[in-house]
Student: 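Starting off with a structure, shown below.
Note that this is a predicted model, so its numbers are computed, not measured.
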Amino acid sequence: MEAKEPKFISLEQYKMDGNFIESNNKTYTLFWDFDSRCVLFFKDKKIVYDLRNLFFVSVADIANDGSVIIAGAYEKTDEKNGIIICNSKGEKQIFKYIDSRIVNVAISENGETAVFQTYNSMISEEYDNKLFIIDVINKKICSCFHCPLGWADGYQFFDNKIRLYFGKNYIDYSFTGECLEKEKLPTVKENPFDSFYDLESKYGLISEKSNKTDIEKFYQKYLQLSKEKMSPYIYGCIFRRLGELALLLGNKKEALLYFEKATEIYPGIGVKKRITALKKELC
């Protein structure tokens with residue numbers, strides 16, 4: 001049975017007080033009014049169903065065949081942000097709370113794949129600034145990942161990938177969240193301080209019994225960090241580690257030079273006894 005016409009909509013002139021979006025073929029229209037907590041779905045300018053009082057809607061999209069509707073919304077009962085996907089009968093197919101704002105929702109023309117992005121989560125990093133790809137047919141989230149390029153201006157759906165547009169540029173991702181054009185991603189240089197503390201957290205695994213290859217890997221990483229701009233104390237630590245690793249690799253002369261450099265940079269780095277012992281051995 002066709003839903004009764006709400007007072008704030010004129011079916012003759014279609015002057016809507018809320019928000020609406022049309023399918024690309026202009027056949028289907030989704031209308032929502034935030035204050036009235038009403039969602040209406042039209043086909044050929046006739047109301048198909050009325051989801052009044054079920055949820056608030058902030059952003060939405062609709063499949064070209066009208067089979068599926070995706071909406072960023074929340075239910076009136078608890079006002080949690082969420083994503084809702086309904087079928088052409090108005091029945092919920094997928095509903096998931098998302099601890100973040102929802103933007104840039106879209107659905108493929110055939111209604112098989114949906115996508116949305118999130119931002120400004122004050123609760124959880126799990127959902128903040130992520131892009132979700134949804135398999136509507138199997139009612140599951142295929143992937144949730146961060147796109148370094150930011151929020152997309154639009155999407156294009158293919159059989160096995162989704163294209164994200166950023167102005168005139170674009171980048172392709174698989175439905176599982178794998179970037180298919182990694183050369184287009186910005187190069188982000190790792191913070192040298194983070195690299196140092198990460199190395200320090202793993203340094204305890206290195207000993208005289210360690211594989212020489214593993215020792216060499218640590219040596220090269222500390223050597224690379226020695227070229228960065230760091231505080232005197234961290235510089236001292238880096239050269240102390242280089243000296244210790246040089247000793248494990250059997251390079252006593254090199255170790256002595258590193259220990260002396262560490263002491264020069266930071267006198268209290270704690271290698272003066274090693275310097276004295278090495279000088280005696282090398283005389």
Student: Among residues at least two apart in sequence or on other chains, which ones pass side chain to side chain contact (heavy atoms under 4.5 Å, CB included) with S207?
Tutor: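 Partners of S207 under the side chain to side chain contact (heavy atoms under 4.5 Å, CB included) test: K209, S210.
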Student: Identify the two heavy atoms, one from I107 and one from I62, that lie closest to each other, and give their separation to 0.1 Å.
Tutor: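 Shortest heavy-atom contact: CG2-C, 3.3 Å.
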Student: Please list, chain by chain and in numerical order, all residues satisfying side chain to side chain donor-acceptor pair (under 3.5 Å) with T263, sequence neighbours excluded.
Tutor: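 Side chain to side chain donor-acceptor pair (under 3.5 Å) check on T263 returns nothing, list empty.
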Student: Determine whether N129 and W151 make a side-chain contact, defined as any pair of heavy atoms from C-beta on separated by less than 4.5 Å.
Tutor: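 Yes, at least one pair of side-chain atoms sits under 4.5 Å.
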Student: Among all residues two or more places apart in sequence or in another chain, which pass the side chain to side chain contact (heavy atoms under 4.5 Å, CB included) test with S143?
Tutor: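 Partners of S143 by the side chain to side chain contact (heavy atoms under 4.5 Å, CB included) criterion, ordered by chain and then number, come out as I133, F145.
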Student: List for me each residue that meets side chain to side chain donor-acceptor pair (under 3.5 Å) alongside D214, sequence neighbours excluded, and say none if there are none.
Tutor: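 Result, side chain to side chain donor-acceptor pair (under 3.5 Å) vs D214: none returned.
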Student: From K217 NZ over to K202 NZ, what is the distance, rounded to the nearest 0.5 angstrom?
Tutor: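 That separation rounds to 11.5 Å.
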Student: Under the side-chain contact (heavy atoms from CB on, under 4.5 Å) rule, what do I162 and T113 come out as? Steps first, then yes or no, please.
Tutor: CA-CA 9 Å; I162 181 170; T113 309; 5.8 Å; no
Student: On a heavy-atom basis, which atom in C142 and which in F175 lie closest, and how many Å separate them?
Tutor: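 Smallest interatomic distance, heavy atoms only, reads CB-O, 3.2 Å.
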Student: Within a strict 4.5 Å, meaning less than it, do heavy atoms of the Y258 and L247 side chains meet?
Tutor: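 Not in contact.
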Student: Minimum heavy-atom separation for S195 to L225, with atom names?
Tutor: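 What the structure gives for the nearest pair is CB-CD2, 3.9 Å.
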Student: Would you call the rings of F95 and Y97 parallel, tilted or perpendicular, where under 30° means parallel and over 60° means perpendicular?
Tutor: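 F95 and Y97: perpendicular rings.
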Student: When you look at NZ of K43, are more than 12 heavy atoms from neighbouring residues, nucleotides or ligands closer to it than 6.0 Å?
Tutor: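 Counting other residues, nucleotides and ligands, NZ of K43 stays at 12 neighbours or fewer.
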Student: What is the minimum heavy-atom distance between S108 and E112, and which atoms define it?
Tutor: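 Closest approach of S108 to E112: OG-N, 3.2 Å.
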Student: List in chain and number order the residues that pass ring-ring contact (aromatic ring centres under 6.0 Å, His included) with Y266, two or more places apart in sequence or in another chain; answer none if no residue qualifies.
Tutor: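 Counting only residues at least two positions away or on another chain, Y266 forms a ring-ring contact (aromatic ring centres under 6.0 Å, His included) with Y233.
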Student: Does one hydrophobic cluster hold both I234 and L199, with members joined at side-chain heavy-atom distances below 4.5 Å?
Tutor: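 I234 and L199: one cluster.
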Student: Under a single-linkage definition using a 4.5 Å side-chain heavy-atom cutoff for Ile, Leu, Val, Met, Phe, Trp and Tyr, are L242 and Y197 assigned to the same hydrophobic cluster?
Tutor: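 L242 and Y197: one cluster.
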Student: Please identify each residue that fulfils side chain to side chain donor-acceptor pair (under 3.5 Å) with S174, with sequence neighbours left out.
Tutor: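 Partners of S174 by the side chain to side chain donor-acceptor pair (under 3.5 Å) criterion, ordered by chain and then number, come out as T176.
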Student: Between NZ of K26 and CG of D44, what distance do you get to the nearest 0.5 Å?
Tutor: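 Rounded to the nearest 0.5 Å, the NZ-CG separation comes to 13.5 Å.
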Student: Quick one, N104 and V59 - any side-chain contact, counting heavy atoms below 4.5 Å?
Tutor: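 Answer no - side chains too far apart.
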Student: Rounded to the nearest 0.5 Å, what separates atom CD1 in I85 from atom CD1 in I134?
Tutor: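 Going from CD1 on I85 over to CD1 on I134, the span is 4.0 Å.
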Student: Using the side-chain contact (heavy atoms from CB on, under 4.5 Å) rule, take L257 and K253 through it: C-alpha gap first, then chi angles, then the decisive distance, then the call.
Tutor: CA-CA 6 Å; L257 292 174; K253 288 184 178 181; 5.8 Å; no
Student: Let me have the donor-acceptor pairs involving side chains of residues 267-279, under 3.5 Å, with sequence neighbours excluded, atom names and distances please.
Tutor:
{"unit_1": "R274", "atom_1": "NH1", "unit_2": "E244", "atom_2": "OE2", "d": "3.1"}
{"unit_1": "T276", "atom_1": "OG1", "unit_2": "K272", "atom_2": "O", "d": "3.1"}

Student: Of all heavy-atom pairs between G236 and I265, which one has the smallest distance, and what is that distance?
Tutor: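 Smallest heavy-atom distance, with atoms named: N-CG2, 4.0 Å.
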Student: Could you check whether any side-chain heavy atom of I141 comes within less than 4.5 Å of a side-chain heavy atom of I94, counting everything from C-beta outward?
Tutor: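 No, every pair of side-chain atoms sits at 4.5 Å or beyond.
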Student: Return all side-chain donor-acceptor pairs below 3.5 angstrom for residues 164-173, not counting sequence neighbours, or 'none' if the list is empty.
Tutor:
{"unit_1": "Y165", "atom_1": "OH", "unit_2": "Q156", "atom_2": "OE1", "d": "2.6"}
{"unit_1": "D172", "atom_1": "OD1", "unit_2": "R163", "atom_2": "NE", "d": "2.7"}
{"unit_1": "D172", "atom_1": "OD2", "unit_2": "K161", "atom_2": "NZ", "d": "3.0"}
{"unit_1": "D172", "atom_1": "OD2", "unit_2": "R163", "atom_2": "NH2", "d": "3.1"}

Student: Are F116 and L149 connected into the same hydrophobic cluster when the rule is that any two of I, L, V, M, F, W, Y join if their side-chain heavy atoms are below 4.5 Å apart?
Tutor: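 No, separate clusters.
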Student: Decide yes or no for L248 and F218: does some side-chain heavy atom of the first lie under 4.5 Å from some side-chain heavy atom of the second?
Tutor: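 No, every pair of side-chain atoms sits at 4.5 Å or beyond.
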Student: Please list, chain by chain and in numerical order, all residues satisfying side chain to side chain contact (heavy atoms under 4.5 Å, CB included) with E216, sequence neighbours excluded.
Tutor: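 In terms of side chain to side chain contact (heavy atoms under 4.5 Å, CB included), with neighbours along the sequence ignored, E216 is linked to Y219, Q220, L249.
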Student: Can you list everything that forms a side chain to side chain donor-acceptor pair (under 3.5 Å) with E181? Sequence neighbours excluded, please.
Tutor: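 By the side chain to side chain donor-acceptor pair (under 3.5 Å) rule, E181 matches K184.
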Student: Does CD belonging to E208 count more than 12 external heavy atoms closer than 6.0 Å?
Tutor: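 Open.
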Student: At what distance, to the nearest 0.5 angstrom, does CG of L30 lie from CD1 of I69?
Tutor: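 Answer rounded to 0.5 Å: 4.5 Å.
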Student: Are F157 and Y28 linked, directly or through other ILVMFWY residues, by side chains that come within less than 4.5 angstrom of each other?
Tutor: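 Looking at the clustering, Y28 is in a separate group from F157.
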Student: Would you name the heavy atoms of Q117 and Y155 that are closest together and state the gap between them?
Tutor: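 Closest pair (atom of Q117, atom of Y155, distance): OE1-OH, 3.0 Å.
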Student: Taking C-beta and beyond as the side chain, do E109 and N24 meet within less than 4.5 Å on heavy atoms?
Tutor: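 Touching, per the 4.5 Å side-chain cut-off.
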Student: Measuring from L223:CG to R241:CZ, what's the distance to the nearest 0.5 Å?
Tutor: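 It is 15.5 Å, given to the nearest 0.5 Å.
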Student: Report, as yes or no, whether the 6.0 Å neighbourhood of atom CG on D159 holds more than 12 heavy atoms from other residues, nucleotides or ligands.
Tutor: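 Atom CG in D159 is not crowded, with 12 or fewer foreign heavy atoms closer than 6.0 Å.
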Student: Hydrophobic side-chain clustering at under 4.5 Å (ILVMFWY, transitive links): who's grouped with F158? Put none if nobody.
Tutor: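 F158 shares its hydrophobic cluster with no other residue.
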Student: Would the distance check show the side chain of N25 and the main-chain N or O of T27 forming a donor-acceptor pair, the cut-off being under 3.5 Å?
Tutor: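 Yes: the side chain of N25 pairs with the backbone of T27.
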Student: Just how far is it from atom CZ of F42 to atom CD of E22, taken to the nearest 0.5 Å?
Tutor: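 One gets 11.0 Å once the value is rounded to the nearest 0.5 Å.
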Student: So if you build clusters from Ile, Leu, Val, Met, Phe, Trp, Tyr with side-chain heavy-atom gaps below 4.5 Å, do V105 and L131 land together?
Tutor: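 V105 does not cluster with L131.
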Student: How about Y203 and L245: do any of their side-chain heavy atoms sit closer than 4.5 Å?
Tutor: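 The answer is yes, as the side chains (C-beta and beyond) meet within the 4.5 Å cut-off.
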Student: Return the set of residues passing side chain to side chain contact (heavy atoms under 4.5 Å, CB included) with D65 (not counting sequence neighbours), or none when no residue passes.
Tutor: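 Once residues adjacent in sequence are excluded, the partners of D65 under the side chain to side chain contact (heavy atoms under 4.5 Å, CB included) criterion are A63, S67.
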Student: Which is it for M230 and I238 under the side-chain contact (heavy atoms from CB on, under 4.5 Å) test, yes or no, and what are the steps along the way?
Tutor: CA-CA 10 Å; M230 311 285 267; I238 290 172; 4.2 Å; yes
